[in-house]
There are 2 protein chains.
Amino acid sequence: MVSTGLPQGAVPKLERPGPLRDRVYEALLELITTRALGPGRHLVESELAGHLGVSRQPVREALQRLSTEGWVDLRPAQGAFVHEPTEEEADQLLTVRTLLEAEAARLAAAHADSPGIAVLEELCAEGESAVAAEDVDRAVALNAAFHAKVMELAGNTVLAELAAQVDRRIRWSYTPVARQRGAQSWAEHRELITAIADHDEQRATHLMREHTEHTRRSYHEHDAG
Amino acid sequence: MVSTGLPQGAVPKLERPGPLRDRVYEALLELITTRALGPGRHLVESELAGHLGVSRQPVREALQRLSTEGWVDLRPAQGAFVHEPTEEEADQLLTVRTLLEAEAARLAAAHADSPGIAVLEELCAEGESAVAAEDVDRAVALNAAFHAKVMELAGNTVLAELAAQVDRRIRWSYTPVARQRGAQSWAEHRELITAIADHDEQRATHLMREHTEHTRRSYHEHDAG
DNA sequence: GGATTGTCTTTCGTCTGCAGTCTACGGCGC
DNA sequence: GCGCCGTAGACTGCAGACGAAAGACAATCC
């Protein structure tokens, strides 16, 4: 088995194109999150199929998946429409996110080991430098990576999957706001890291809850203004 | 508009058969939850199509949906296989469920009104009588209805959707256990109702957490035994 | 003039057919 | 006897086509 001398992970699967439906799915998700397809827009299957150069079938399967994940609404015998997020729904999403992230922080505090904490600190340092350099896109990406790493350290796959869903939907109805509070956010991250390193579950839960609640509040302020 | 004299809600929509894919979806879900299609089984599209008297397309779409909801694993170019739940996954699901239900109880305590509480009490009474009559199926159904009502009173749609997903998956890897603790469970429900009626968020959260944790523990005991 | 009804276009829902790929099995060489 | 290779079968992935339902618009009747 190992006698071939081939590097183990170097040639994973020859990089195939992969199932067409998945690429259609990602293409549509990109179009939706970038607002190229705005909320409420009617997605005509044949139109999308022609535009992407494929048949209707992969498009239909992609739309199905997008529907179950809450990106589009699939009205029977009428077609798919890009979901229109309401104020109420955004608030509910933020509530749920607070819940999931806080639990993740607790579990991370319970299970985290040294290498994991080192990664967190590294991400935090990079994030701070990105904020200092006013590289907003990079800061946002690092923020997502930080939370994803906390979720990974929590070691609960189910929790991670749900959080990922919720997170993407939030970031969608939310793009303009996420760019505002930069430095403050990373200071809170630093506090959170120490709590996790100390295995202080209560403190980690509390800090993460505060952190996401701050974000939620800034959303409402933005909305009101 | 109202001069037609037709009863308003009596003729809702003529009860159409509805989209075929949905009926296929429900049929397959029934077959999976009842273990007629056991975990790990290879689901062949043409076979299912022939058995249900439809074409492959609705079957494919139903399988897609089942895949995104975690019921089947869709291996590319190989087909669909009924998902095999692991011990770890079951535990993670229960953890998440505890979290979601506890939050629902808190929100319910914050928002519940008299008619809602009345419904809860009614469900509780029915549940106790079902337990007394040793009608296990009915007791299980009422238990689900009770938790669903609490979730509805919480008034958070996103939370409810996530909880519904998690709940169904739990009930699947879980059927043999759910039938054990009957009377105890309903006593806890009664306590929870009073907490909600008093708008005591802390107590409602705590009680629901205890309640679901009891369930989780009995799962592990059953598993160990 | 307003409401109603008939038709017409658009789009979805479903079915059939074909090509690509993975798996399993039998034959062959060592 | 053991392992490798070639071939056959089966299944999935994708494309195209047909029937049906929903919405829009115009003509008609009251």
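Below, read A as the first sequence line, B as the second, and so on, with proteins coming before strands; counting in each chain starts at 1. Computed from a predicted structure; not experimentally measured.
Proximity of residues 44-52 of chain B to DNA chain D (heavy atom under 4.0 angstrom from any strand atom) is restricted to B:Val44, B:Glu45.
Side-chain N/O atoms of B:Glu30 and B:Tyr25 include no donor and acceptor closer than 3.5 Å. With 3.5 Å as the limit, one finds a donor-acceptor pair spanning the side chains of A:Glu61 and A:Gln57.
Atom P of nucleotide D:dC14 and atom CG of B:Leu74 are separated by 11 Å, given to the nearest angstrom. Atom C1' of nucleotide C:dT16 and atom CD of A:Gln57 are separated by 12 Å, given to the nearest angstrom. Put simply, CZ on A:Arg75 is 12 Å from P on C:dC12, counting in whole angstrom units. The CZ-P distance, from A:Phe81 to D:dA22, rounds to 14 Å in whole Å. The interatomic distance linking A:Gln64 (CD) with C:dC12 (P) rounds to 13 Å, in whole Å.
Between A:Arg60 and C:dG13 there is a side-chain N or O to OP1 or OP2 distance below 4.0 Å. For D:dC14, the OP1/OP2 oxygens have no side-chain nitrogen or oxygen of A:Ser55 closer than 4.0 Å. Under 4.0 angstrom from either OP1 or OP2 of C:dT11 there lies no side-chain N or O belonging to A:Gln78. For B:Arg56, no side-chain nitrogen or oxygen approaches OP1 or OP2 of D:dT12 to under 4.0 Å.
Across every non-hydrogen atom of A:Cys124 and A:His189, the tightest pair is SG-CB, 3.8 Å.
Looking only at distances, no side-chain donor or acceptor of B:Glu101 sits under 3.5 Å from a matching main-chain atom of B:His211. Not a single donor-acceptor pair under 3.5 Å links the side chain of B:His51 to the backbone N or O of B:Glu47.
Salt bridge status for A:Glu103 with A:Arg106: present, with a side-chain N to carboxylate O gap under 4.0 Å.
Minimum atom distance to the side chain of A:His42 is reached by C:dC12, of the listed D:dA15, C:dC15, C:dC12.
When heavy atoms are screened at a 4.0 angstrom cut-off, A:Leu63 is found touching no nucleic acid atom at all.
Figure legend: cation-pi geometry between B:Arg75 and B:Phe81, with NZ or CZ positioned under 6.0 Å from the six-membered ring centre and within 45° of its axis.
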